[in-house]
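Given the structure is predicted, the values throughout are model-derived calculations rather than measurements. Per chain, numbering begins at 1; letters A, B, ... match sequence-line order.
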Number of protein chains: 2
Amino acid sequence: MTPHNKKIPRMSLERLPIYYRTLCNLADNGYLRIKSAQLGKIIQIEPTTIRRDFSYFGDLGKSGYGYDIAHLIQIFGEILEVNETQGLALIGVGNLGRALLINNFRRNPNLEIISAYDADPHVIGETINKVTIQPLSDLKATIQTQQIKGVISTVPSHAFQEVVDYLVDCGITSILSFAPEPVHVPKNVHVRYLDLTSEVQNLLLLAEISDV
Amino acid sequence: MTPHNKKIPRMSLERLPIYYRTLCNLADNGYLRIKSAQLGKIIQIEPTTIRRDFSYFGDLGKSGYGYDIAHLIQIFGEILEVNETQGLALIGVGNLGRALLINNFRRNPNLEIISAYDADPHVIGETINKVTIQPLSDLKATIQTQQIKGVISTVPSHAFQEVVDYLVDCGITSILSFAPEPVHVPKNVHVRYLDLTSEVQNLLLLAEISDV
DNA sequence: CCATTTTTGTTAATTAAATCACATTTATAG
DNA sequence: CTATAAATGTGATTTAATTAACAAAAATGG
């Protein structure tokens, strides 16, 4: 059959990075083919779910055979645009920001923090992992010369809306925030929240509830 | 009506920390009552969803009035056990682990990293934010004296399963991992994954797809 | 104290995701 | 080349979550 033209479900897209990473690992270890049942074991996702997910991206498998790993990597890699470096900006270089900058997606060659910003004059000018910290007001100018595909923010909640307004003004459309406070943005701008406290609270809550 | 005895949906539990935090903010700012519509505006969740979520925890509101904020905080706080300090252990004190330890849930008085572990002899013995880094093999003994409610791991994927096996052996049942590799655990043990790379990839993917 | 307004809590409807079940396709062994 | 076994891709079903719609409850203003 031919690729669906139906809209791809959000959850299938969410799993795409997991598939991609796992398949790359398998390829690195010399595997050439895989069936949905094996893959399901590895990543703990039902084989049916995997097959349906894959089907949204084309007719990728062969009955009685499985999937060609290199082919999947090729297709998924294109969708994830792993062949073009995705330049990111980091806003907020406190402890967490610093750690992110030092790590800088080392294991993911196509993601790279290429510029960093902070409000604190004490850290502006400092260079971490080859990136020199600038005042946030420099972002607009930086964007002229380097393509920024998204922003990672460790800015605390109370200052976040203000920063986001500026980011939106700069034309940024993808923001990952480590502060939980929801901000208002135009609908073409995407904000994801990564709230560590909520994650831990939910984790403990789950344990609390399930062992009753 | 009386509280449901139906099982509380996973998604409603997921939102509980958001509700709790937002209500605390409102209380701090002197607010005494809130209606689902107002709260929905703030946290960008449909009022109906909020009302249904709340209903799982009892008959918390009054028609024509709304909800008493202090009362909600009381109820949700009990469920989240915010009055007992939840001691956590950190495994892996690299850049990220270090940042987590320095922050140490400063804004959340009931969550606290009370011990930290690493494999690297160079960091063992070092004290960060009053916590002295120990060899992982000490965990079992530490648990005898201090209650550890959960573990945060920044251990890289290749070493993670081994570490988790030890954690399970120690009786740990809640683990938050910054490494994406899924591990095998008994079904009474909960593992949450917080995969920064996937988050960023999904964020960019969403932008890419939606602005076609 | 009554009429009006507000807002809840919940039943019903809708939407989205996961899973089942199987016809179809392809590989493989004889 | 054919028969058998294996595994996909997808309609049909089930399960879960969200949203709509509204009756019932309480507040408020005359």
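Taking 4.0 angstrom as the limit, B:S36 places a side-chain polar atom (N or O) nearer than this to OP1 or OP2 of C:dT8. Side-chain nitrogen and oxygen atoms of B:Y67 include at least one within less than 4.0 Å of the OP1 or OP2 phosphate oxygen of C:dG9. Distances shorter than 4.0 Å separate none of the side-chain N or O atoms of B:R33 from OP1 or OP2 on D:dA26.
Here the P atom of nucleotide C:dG9 and the CD1 atom of B:I50 are 12 Å apart, to the nearest Å. The CZ-P distance, from B:R51 to C:dT11, rounds to 14 Å in whole Å. Across the protein-nucleic acid pair, B:M11 atom CE and C:dA16 atom P stand 14 Å apart, rounded to whole Å. Here the C1' atom of nucleotide D:dT15 and the NZ atom of B:K7 are 11 Å apart, to the nearest Å. Regarding A:I45, its CD1 atom lies at a distance of 12 Å from the C1' atom of C:dA18, rounded to whole Å. In this structure, A:F54 atom CZ and D:dT10 atom P are separated by 14 Å, rounded to whole Å. Regarding A:D59, its CG atom lies at a distance of 11 Å from the P atom of C:dT25, rounded to whole Å. Taking atom NZ of B:K35 as the reference point, atom C1' of C:dT6 lies 8 Å away to the nearest angstrom.
Checked against C:dA18, D:dA20, C:dT19, the side chain of B:T48 finds its nearest nucleotide in D:dA20. Closest approach to the B:K62 side chain among C:dA17, D:dA27, C:dC20 is made by D:dA27 (side chain taken as heavy atoms from C-beta onward). Nearest to the side-chain atoms of A:T49 among the listed nucleotides C:dT8, D:dA17, C:dT19 stands C:dT19. Comparing atom distances between the A:R10 side chain and each of C:dT8, C:dA12, C:dA17 picks out C:dA17 as nearest.
Counted by atom type alone, B:Y117 and B:T142 present one or more donor-acceptor pairs between their side chains at under 3.5 Å.
Nucleotides of DNA chain C nearest to A:R15 and A:S63 differ in position, and the one nearer the 5' end is that of A:R15. Nearer to the 5' terminus of DNA chain C, by closest-nucleotide assignment, is the contact made by A:S12 (compared with the other of A:G64 and A:S12).
Taking the six-membered ring for Trp and the full ring otherwise, the centers of A:F178 and A:F160 sit at least 6.0 Å from each other.
For D:dT19, its base sits under 3.5 Å from the side chain of B:R52 at one donor and acceptor pair at least.
Taking the six-membered ring for Trp and thresholds of 30 and 60 degrees, A:Y19 and A:F76 have ring planes inclined between 30 and 60 degrees apart.
Looking at heavy atoms from C-beta onward, A:P186 lies in side-chain contact with A:V168 at the 4.5 angstrom threshold.
A salt bridge links B:E14 and B:R192; the closest N-O separation between the charged side-chain nitrogens and carboxylate oxygens is under 4.0 Å.
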